[in-house]
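Inspection log for the structure reproduced underneath, given as structure tokens.
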Amino acid sequence: MTTALIFPGQGAQYVGMAMDLAEACPAAAALLTQANEVLGFDLARIMREGPEAELTRTDISQPAILVASLMAKAWLDQKQGDVGAVAAAGLSLGEYTALVAAGTLDVADAIRLVRLRGEAMQDAAEAVPSGMVALIGADEAAAQKLCDLAAEGEVLQVANLNATGQVVISGAKAACDRALAKAKDAGIRRATALPVAGAFHSALMAPAAERLKAAIAGVSLKDPHIPVYTNVHAGPVRSAAEVPALLVRQLTQPVRWADSVIRMQQDGITTFWELGPNKHLSGMIARTVKDVTCRNVDKVGDL
């Protein structure tokens, strides 16, 4: 059994997440306290009480999911000790959590970075009307064909390769609307507009990428003690020097999650521990590869 730790991205949040972990695990409770101090506001209260509309905000949900996921790891460490992970990965935002787990990124720096990342992405989303469309029954080539068909000179590109047959495209709102109308003609089984602030992982996030680049330049990074499989090229990262450019590129380029899962299995991973709210990644993995085991830590009862 060869194990990887994996961490969810934005959209996994729910009101009340990780609160039972804080009660059961002192290290998890300490992470909540640290987050409040770093951010200068009561993130724990929003995680505990909501309202959902506030927790879902890009600039709130990103640090909240990161902290909740690290709390899940703290609970796993308390209950089972070292599970012998030889790799880590995360979906979009979750890549920051993976870098913390691998020892590359300090917890406080990660909280600050994802807060800024969320603010920058929200600002970029508000600057241009934009959105994202989930495609079921599509591969990358079919998704790209639809983008070519519907773009009409506006930004529209492949944004997330989540699982076999599950792709998300991202771009200007009018282009997304055209994609929804033309999806059947392009051979896509189902197309659905996603309730997101804007066109994440597209060229429209370039202003956010510039702000993130400046922020990362001021952060100290260490070489990971286990490889982190990156969203940008789906391969392992073993050097801190590679990390800044990849985190910046991630904002405007596709998240190659399915490719990362396939590569991890090829490299010998047989067990995935999904640490954090919900079980979205386990579902994606089940649709992408066979003969692997997925385990989850979201609530105390999961262990």
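FYI, side chains are in, hydrogens and waters are out, and symmetry mates aren't considered; it's all heavy atoms of this structure. The model shown is predicted, which means the values in this text are computed figures rather than measured ones.
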**Study point:** Trace of the side chain to side chain contact (heavy atoms under 4.5 Å, CB included) decision for Ile60 with Arg115
**Key:** CA-CA 7 Å; Ile60 299 292; Arg115 167 70 170 174; 3.6 Å; yes
Practice item. I would like to know whether Lys279 and Asp302 meet side chain to side chain contact (heavy atoms under 4.5 Å, CB included); could you show each step before the answer? Key: CA-CA 11 Å; Lys279 298 175 173 63; Asp302 294 332; 4.2 Å; yes
Exercise for review: Could you walk me through whether Ile6 and Ile285 pass the side chain to side chain contact (heavy atoms under 4.5 Å, CB included) test, one step at a time?
Suggested key: CA-CA 11 Å; Ile6 57 172; Ile285 290 170; 3.4 Å; yes
Review point. Do Thr2 and Asp267 pass the side chain to side chain contact (heavy atoms under 4.5 Å, CB included) test, and can you show the C-alpha distance, the side-chain angles, and the key distance before you say yes or no?
Key: CA-CA 10 Å; Thr2 309; Asp267 290 349; over 6 Å; no
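Taken from CD1 in Ile65 to CE in Met47, the straight-line distance is 9.5 Å, to the nearest 0.5 Å. Distance check: Met264 CE to Asp259 CG gives 10.5 Å after rounding to the nearest 0.5 Å. The structure places CD of Glu119 at 9.5 Å from CD of Gln122, a figure rounded to the nearest 0.5 Å. Here the straight-line distance linking atom CZ of Arg287 with atom OG of Ser282 works out to 10.5 Å at 0.5 Å rounding.
Applying the side-chain contact (heavy atoms from CB on, under 4.5 Å) test to Ala142 and every residue at least two apart in sequence or in another chain returns Ala138, Asp139, Ile188. Shown here are the side-chain hydrogen bond (donor to acceptor under 3.5 Å, both in side chains) partners of Asp109, two or more places apart in sequence or in another chain: Arg112. When the salt bridge (Lys or Arg N to Asp or Glu O under 4.0 Å) test is applied to Asp148, no partner is found at least two apart in sequence or on another chain. Applying the side-chain hydrogen bond (donor to acceptor under 3.5 Å, both in side chains) rule to Glu37 yields no partners; only residues at least two apart in sequence or on another chain are considered. A search for side-chain contact (heavy atoms from CB on, under 4.5 Å) contacts involving Leu303 returns Trp75, Leu76, Lys79, Gln80, Trp273, Val297, not counting sequence neighbours. Residues meeting the side-chain contact (heavy atoms from CB on, under 4.5 Å) test with Ala203, sequence neighbours left out: Val155, Gln157. For Arg249, the side-chain hydrogen bond (donor to acceptor under 3.5 Å, both in side chains) partners are Gln253, not counting sequence neighbours.
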Got a list of side-chain donor-acceptor pairs under 3.5 Å for residues 165-174, not counting sequence neighbours?
from: Ser170; atom 1: OG; to: Ala199; atom 2: O; distance (Å): 3.4
from: Ser170; atom 1: OG; to: Phe200; atom 2: N; distance (Å): 3.3
from: Ser170; atom 1: OG; to: Phe200; atom 2: O; distance (Å): 2.8
from: Lys173; atom 1: NZ; to: Asp177; atom 2: OD2; distance (Å): 3.0

List, one per line, each side-chain donor-acceptor pair under 3.5 Å for residues 216-225, sequence neighbours excluded.
from: Asp223; atom 1: OD1; to: Ala240; atom 2: N; distance (Å): 2.8
from: His225; atom 1: NE2; to: Ala101; atom 2: O; distance (Å): 3.3
from: His225; atom 1: NE2; to: Ala102; atom 2: O; distance (Å): 3.3

Do any side-chain atoms of residues 8-23 form donor-acceptor pairs under 3.5 angstrom with protein atoms, and if so which ones, sequence neighbours left out?
from: Gln10; atom 1: OE1; to: Gln62; atom 2: NE2; distance (Å): 3.0
from: Gln10; atom 1: NE2; to: Thr58; atom 2: OG1; distance (Å): 3.2
from: Gln10; atom 1: NE2; to: Ser61; atom 2: OG; distance (Å): 3.4
from: Gln13; atom 1: OE1; to: Gly11; atom 2: N; distance (Å): 2.9
from: Tyr14; atom 1: OH; to: Asp298; atom 2: OD1; distance (Å): 2.8
from: Tyr14; atom 1: OH; to: Asp298; atom 2: OD2; distance (Å): 3.3
from: Tyr14; atom 1: OH; to: Lys299; atom 2: NZ; distance (Å): 3.2
from: Asp20; atom 1: OD2; to: Val300; atom 2: N; distance (Å): 2.8

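When each of Leu66, Leu31, Leu275 is paired with Met71, the side chain to side chain contact (heavy atoms under 4.5 Å, CB included) condition holds for Leu31 and for no other.
Asn160 places no side-chain N or O within 3.5 Å of a backbone atom of Asn162 that could act as its donor or acceptor partner. Between the side chain of Glu274 and the backbone N or O of Leu281, at least one donor-acceptor pair lies under 3.5 Å.
What you find for Ala191 and Leu135 is that their closest heavy atoms are CB-CD2, 3.8 Å. Across every non-hydrogen atom of Arg178 and Ala151, the tightest pair is NH2-O, 2.8 Å.
Applying the side-chain hydrogen bond (donor to acceptor under 3.5 Å, both in side chains) rule to pairs touching residues 83-92 yields Ser92-Arg117, Ser92-His201, sequence neighbours excluded. For residues 95-104, every residue pair satisfying the side-chain hydrogen bond (donor to acceptor under 3.5 Å, both in side chains) rule, not counting sequence neighbours, is listed here: Glu95-Thr230, Glu95-Asn231.
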